[in-house]
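Read through the structure below, which is laid out as structure tokens, and then see the notes.
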Amino acid sequence: MTTTPASTSVAAARALSPGLLERAPVADAERTVAAETVALVEAAGLFHVLTPIELGGLGLDFETALLTTSELSRGCASTGWLRAVMGGNTWAVALMDEAAQKEVLREPDHRIALQLRASGPAAERVPGGYRLRGVRGRFCSGIDHARWILAGIDVEAAEPDKAAIPHVVLIPVDDVTVIDDWHTLGLRGTGSRSFVIEEAFVPEHRGLPQAELDPLTSTRPRPAGPVHRMAFTATGTVALAGVLLGTARAALELYADTSRHSPAVDLPALNATIDAAEALLLADLALLTHSPVPGGSRLERARMRRDIAYAGVRCRNVVDTVFQNAGSGGVYDSAPLQRLWRDANTAALHPTFDLTRWGGHYAAVAATPTEKPTP
């Protein structure tokens, strides 16, 4: 069988998974993934799946981002989550000015944490860039291991009386004050702590209007290849579904190795549920890749968002089924299944897995006169 860079990356993630499983209890207890673990993921190139080749990455696709995240999450959901988040941020940086690309992506250990919607007043436009004051960010996944934060902020408009413009900006971690408030139900190892910025200057080259994340509204050249033909609003969170795919598979593997088997746990059916969720996401990504509309039509994008939510919810349900039927030993903090259950239910609280929201959005788009459901 011929190997490809994508299959090599998935195999590398699979090879790391057993070691991650051994270290997962420590990551959970210490509320951070060990630096040695992050270094192993880095050495395998798994934070650079979406980074263009010309910028030092693997130049692969969202399918590989999903599958590598899933394999890592079979060992440690927190490590998978960090790969999904930090590995997705380089996709956005590749759309920024060349000066930002060189400043960030050409440097060693340039890992980038994410806070997609920081709170606070709109940034002030000043000569050469933007002035941030009184900014606060929560759920900043990867901040323990990052040199940079990709943060979503509003920037005041250049014209008076115009609405502020959403941007993403790159901020050095050294410019923020980290707040150690990550005491959570699950995904404890992600260390997704909060931060505050009293005042910071962001050079203009490290800012990007969020409209540039969509090929239909972009005004600047984009990297070549199908991965940057995608729209962040459709595919930006698909790798997070890999966390729940991998966690659900881990729960079934753990249950299958126990002596207690309940009739309520139909292992073949539950495995098929996970396989179907993965296949659905891969089919949606293929549809977007080959869509005649850059980034996909409104319906194709809505379908992707709906199915990310659907896959996550179905995988969370698999973990719930196993946990509820595995016996009272699961109540102990030392029980691996309890950690899987906590991680799955914490991950599923992310807004991208709100099936009511995204299912309703798909239905509304499908009902419009200009959109018809894809067969």
Side-chain angles (χ1 to χ4, degrees), residues 50 60-67 69 84-85 88-89 91-96 114 116-117 150 152-155 157 162-168 208-242 244-245 276-315 348 350-375:
L50 299 178
L60 298 174
D61 48 39
F62 283 100
E63 289 88 345
T64 309
L66 171 69
L67 297 176
T69 299
V85 172
N89 292 337
W91 180 90
V93 176
L95 297 172
M96 290 184 167
L114 178 67
L116 194 56
R117 189 60 184 167
L150 184 70
I153 64 166
D154 287 332
V155 174
K162 296 289 186 180
I165 303 170
H167 278 60
V168 289
L208 185 74
Q210 288 190 15
E212 297 293 335
L213 301 178
D214 189 322
L216 289 182
T217 54
S218 178
T219 61
R220 62 180 69 197
R222 299 172 77 83
V227 71
H228 277 95
R229 194 174 182 269
M230 297 293 199
F232 179 84
T233 52
T235 57
T237 60
V238 69
L240 295 182
L244 283 156
L245 290 171
E278 180 182 289
L280 186 64
L281 295 174
L282 293 175
D284 288 348
L285 287 169
L287 188 68
L288 290 172
T289 298
H290 299 291
S291 174
V293 181
S297 68
R298 288 183 63 237
L299 189 66
E300 289 164 345
R301 296 181 187 210
R303 171 176 165 170
M304 180 87 257
R305 294 307 303 265
R306 178 202 66 184
D307 292 348
I308 291 170
Y310 177 80
V313 168
R314 295 297 290 155
C315 289
H350 191 282
T352 201
F353 301 118
D354 184 346
L355 185 55
T356 300
R357 174 185 178 183
W358 297 112
H361 175 65
Y362 176 84
V365 172
T368 60
T370 57
E371 297 281 359
K372 296 180 181 179
T374 303

If every non-hydrogen atom of [X] is compared with every non-hydrogen atom of [Y], which pair is closest and at what distance?
{"X": "L50", "Y": "H228", "value": "O-CE1, 4.1 Å"}
{"X": "Y362", "Y": "L299", "value": "CE1-CD1, 3.5 Å"}
{"X": "I165", "Y": "A157", "value": "CD1-CA, 4.4 Å"}
{"X": "C315", "Y": "A277", "value": "SG-CB, 4.3 Å"}
{"X": "A234", "Y": "M304", "value": "O-CG, 3.2 Å"}
{"X": "L216", "Y": "P294", "value": "CG-O, 3.6 Å"}

So [Y] and [X], do their side chains get closer than 4.5 Å, heavy atoms only?
{"X": "V227", "Y": "L60", "answer": "no"}
{"X": "L245", "Y": "E278", "answer": "yes"}
{"X": "L288", "Y": "F62", "answer": "no"}
{"X": "R306", "Y": "V365", "answer": "no"}

Could you tell me whether a side-chain N or O of [X] sits under 3.5 Å from a main-chain N or O of [Y], the two making a donor and an acceptor?
{"X": "T289", "Y": "L285", "answer": "yes"}
{"X": "Q210", "Y": "V168", "answer": "no"}
{"X": "D307", "Y": "Y310", "answer": "no"}
{"X": "W91", "Y": "F232", "answer": "no"}
{"X": "R229", "Y": "S291", "answer": "yes"}
{"X": "R301", "Y": "G295", "answer": "yes"}

Once you round to the nearest 0.5 Å, how far does [atom1] of [X] lie from [atom2] of [Y]?
{"X": "D284", "Y": "L287", "atom1": "CG", "atom2": "CG", "result": "6.5 Å"}
{"X": "T352", "Y": "R305", "atom1": "OG1", "atom2": "CZ", "result": "4.0 Å"}
{"X": "I308", "Y": "T237", "atom1": "CD1", "atom2": "OG1", "result": "4.0 Å"}
{"X": "D154", "Y": "R117", "atom1": "CG", "atom2": "CZ", "result": "4.0 Å"}

#### Entry: Carboxylate-amine/guanidinium proximity below 4.0 Å for R222 and D214
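D214 and R222: not salt-bridged.
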
### Task
Test side-chain contact (heavy atoms from CB on, under 4.5 Å) on L213 and T233 and set out the steps.
CA-CA 8 Å; L213 301 178; T233 52; over 6 Å; no

### Task
Apply the test side-chain contact (heavy atoms from CB on, under 4.5 Å) to residues L240 and V85: give CA-CA distance (whole Å), side-chain angles for both, the deciding distance (0.1 Å), then the verdict.
CA-CA 8 Å; L240 295 182; V85 172; 4.1 Å; yes

